Protein chains: 2
Amino acid sequence: MDTTQRTDQQKSADRRRRELLEAADRVVLRDGPQASMNAIAAEAGITKPILYRHFGDKGGLYAALAKRHTDALLNSLRAALDAPAERRERVEATLDTYLAAIEARPQVYRFLMHPAEGGQVGDQGFDVGKHFAPLLRRMGEELAQVIEDRLDLGPGGQQLARVWGHGIVGMMHAAGDWWLGERPCSRAELVRSLADLLWGRLAAAGDKVGGPGF
Amino acid sequence: MDTTQRTDQQKSADRRRRELLEAADRVVLRDGPQASMNAIAAEAGITKPILYRHFGDKGGLYAALAKRHTDALLNSLRAALDAPAERRERVEATLDTYLAAIEARPQVYRFLMHPAEGGQVGDQGFDVGKHFAPLLRRMGEELAQVIEDRLDLGPGGQQLARVWGHGIVGMMHAAGDWWLGERPCSRAELVRSLADLLWGRLAAAGDKVGGPGF
DNA sequence: ACGTGCGTGTTACTTACGGTAACACCGAGT
DNA sequence: ACTCGGTGTTACCGTAAGTAACACGCACGT
C-alpha cells in the first residue's frame, strides 16, 4: 500500500540521513569548517551526489549538522538557566555551561560560528545580518524570551529584553572566543568577571586618580 | 643613484598599492566579502598576478584592506571615548559611533567581520580563536586598555579590564548585527538599552510576579 | 516469468576560484 | 646597441562545489 510503503521509505531515508550526518560530524570534528563534501562523502563510504540528494547543497548539510549541535547546546543552557537557584548563580551556571562546551570541542564550536565559509556562489544575494551564525541568533532569541518572561522591566520591556538577549550572548561569545585563544585565566575567573560586568560593576567602579573616569 | 632610485620606486609602488586598495574597496563595497581576486583586478584595470605581486595572497590583500577600515573606525571610536563628558555619555557616544558606522556601510562591515572566508587551502593549521575578525580583537584590546587606565577596579583589575573589553565589544557587535538585520528599533533606543544593560539594570530589575527571577 | 518503475549508487563532467609559471613589453643605465 | 629590472600579460594547475547521465537491484502489477 502506498502509506506503508512511504513510511518504510521515509524511515530508511531518515536512518540514512542520520548516518550521513554522523559521518559529517566526524569529519568536521577532525577538519573543522574546512571539511569538504568529498571528504564527508568518503567518510560515509559513499560519493558526493548522494550527499547532495539528501541535503541539497553544502549549506543544507551544514544547517542540518549545526542544528544538532545547536539543539544540544541550547538544551544544556536551558537546564542551567532553569535550575532552582538565585539569579546570579544561574547566570554564572549558564555562562559556565557555554564556556565548558566550547572548551570541550573547539572544532565543533568553530564550525558552528562560521558555517557560511567557503561558498563562492549563491551567497551573493542574502542581506546583511544573515551572515551571523544561527547558534548565536537562536541563543539570543531564547535568552531574550527568558528575560522577558521572568524579569519585570516595565514599559518597553519586551524590546529591552531582546536587545539584552542578543547583547549578553554576544558578550559571552566574544569573551569566550578570546579566552579560548589566549587562556588568560581559568574558566571560573572568566565566568565571575563576566557576571560582575552584568551586575553593574562597570557603572559602580570609581574613577582612577588623575583623570576623568571611563 | 641607488638611494633616490629606490625611493622613486618605493613611492611609485606605494601609490600603485593605494590605487589597488581603492579598487578593491569599491569591489568589496559592491560585492561584500565574496569579492573575488579576478573581480578586484578587473576593477583596478589589471590582472590577477599583479595583485599577488603586491599583496602576496588573498589574505594579504584582505588584511591590508581591513587595516584601513579598522584604523578609521578605531579612530572614530577613540574620539568618542575620549570626549570630555560623563562616563555614561561617553559610553553611549561610543556605542552610537560604532552602530552608525556599520549602518552606513554594511558591506564593509560584513567584510571586516568575516575576512577569513573562502580559503580552501592553507587555513587548515590555525588554531581556534584566530578565526575571529581582527577588528573585534583590536577593539576589545583597546577598550580593555581604556578601562584599565581609567577605572579603579582594585586587585586583578587588569585581567578584569581585558575580559570586560572583549565582552563589551562582543555585546556591541552581536546586538549591532542583530539590529542591522531586523531593525527592531531606532539606533538611539538600541544605544540606550545597551547602556542600561552595562549600567546594571539587569541586576537591579525585579522579578516578575508568578515565579523566581532570571 | 517478465518488464517497469524507483531508490540508490556510480563515474565523469562543468564551473569557478585561488594561485603560479612563463613569456612580453618598455624605459633607464652602461 | 644591449642588458636589466619593473610592469604587465596569457595560459595554466589544483581543488572544491555542484550536476548530468548512466548502472544496479529490488519490489511490484500483469
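Residue numbers start from 1 in every chain, and the chains themselves are labelled A, B, ... in the order their sequence lines are given, proteins ahead of strands. Just so it is clear, the values below take in all heavy atoms, side chains as well, and ignore hydrogens, waters and symmetry mates. Quantities reported herein were computed from a predicted structural model and do not represent experimental measurements.
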Among B:Leu202, B:Leu198, B:Val163, exactly one meets side chain to side chain contact (heavy atoms under 4.5 Å, CB included) together with A:Leu197. Which residue is that?
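Testing each of B:Leu202, B:Leu198, B:Val163 against A:Leu197, the sole residue satisfying side chain to side chain contact (heavy atoms under 4.5 Å, CB included) is B:Leu198.
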
Selection from [options] that lies nearest to any side-chain heavy atom of [X]:
X: A:Pro49; options: C:dG18, D:dT19, D:dA16; value: D:dT19
X: A:Lys58; options: C:dG18, D:dG8, D:dG18; value: D:dG18
X: B:Tyr52; options: D:dT19, C:dT10, C:dG19; value: C:dG19
X: A:Ile50; options: D:dT10, C:dG9, D:dT19; value: C:dG9

What is the distance from [atom1] of [X] to [atom2] of [N], rounded to the nearest Å?
X: A:His54; N: C:dT8; atom1: NE2; atom2: C1'; value: 8 Å
X: A:Met37; N: D:dT19; atom1: CE; atom2: C1'; value: 12 Å
X: A:Phe55; N: D:dT19; atom1: CZ; atom2: C1'; value: 18 Å
X: B:Gln34; N: C:dA16; atom1: CD; atom2: P; value: 14 Å
X: A:Arg17; N: C:dT8; atom1: CZ; atom2: P; value: 13 Å
X: A:Leu20; N: C:dT8; atom1: CG; atom2: C1'; value: 12 Å
X: A:Leu51; N: C:dT10; atom1: CG; atom2: P; value: 10 Å
X: B:Ile46; N: D:dT9; atom1: CD1; atom2: P; value: 7 Å

Phosphate-side-chain proximity, A:Thr47 and C:dG9, N/O vs OP1/OP2 below 4.0 Å
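It does not, given that no N or O in the side chain of A:Thr47 lies less than 4.0 Å from OP1 or OP2 of C:dG9.
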
Report the residue (B:Asp57 or B:Arg53) whose heavy-atom-nearest nucleotide on DNA chain C is the more 5′ of the two.
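Closer to the 5' end of DNA chain C: B:Asp57.
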
Do A:Arg183 and A:Trp179 meet the cation-pi criteria used here (NZ or CZ under 6.0 Å from the six-membered ring centre, within 45° of the axis)?
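Output yes; distance and angle both within limits.
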
With a 3.5 Å cut-off and no angle check, do the side chains of A:His69 and A:Arg105 form a donor-acceptor pair?
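On atom types as modelled, these side chains qualify, holding a pair under 3.5 Å.
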
If you take atom types as modelled and just measure distance, does the side chain of A:Lys48 reach the base of D:dG18 with a donor-acceptor pair under 3.5 Å?
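Answer is yes: a donor-acceptor pair is held.
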
Test log, rule salt bridge (Lys or Arg N to Asp or Glu O under 4.0 Å), inputs B:Asp177 and A:Arg137
CA-CA 10 Å; B:Asp177 195 284; A:Arg137 282 299 171 93; 2.9 Å; yes

Any chance you could lay out the side-chain contact (heavy atoms from CB on, under 4.5 Å) test for B:Leu20 and B:Ile46, step after step, and finish with the verdict?
CA-CA 9 Å; B:Leu20 297 184; B:Ile46 46 127; 4.0 Å; yes

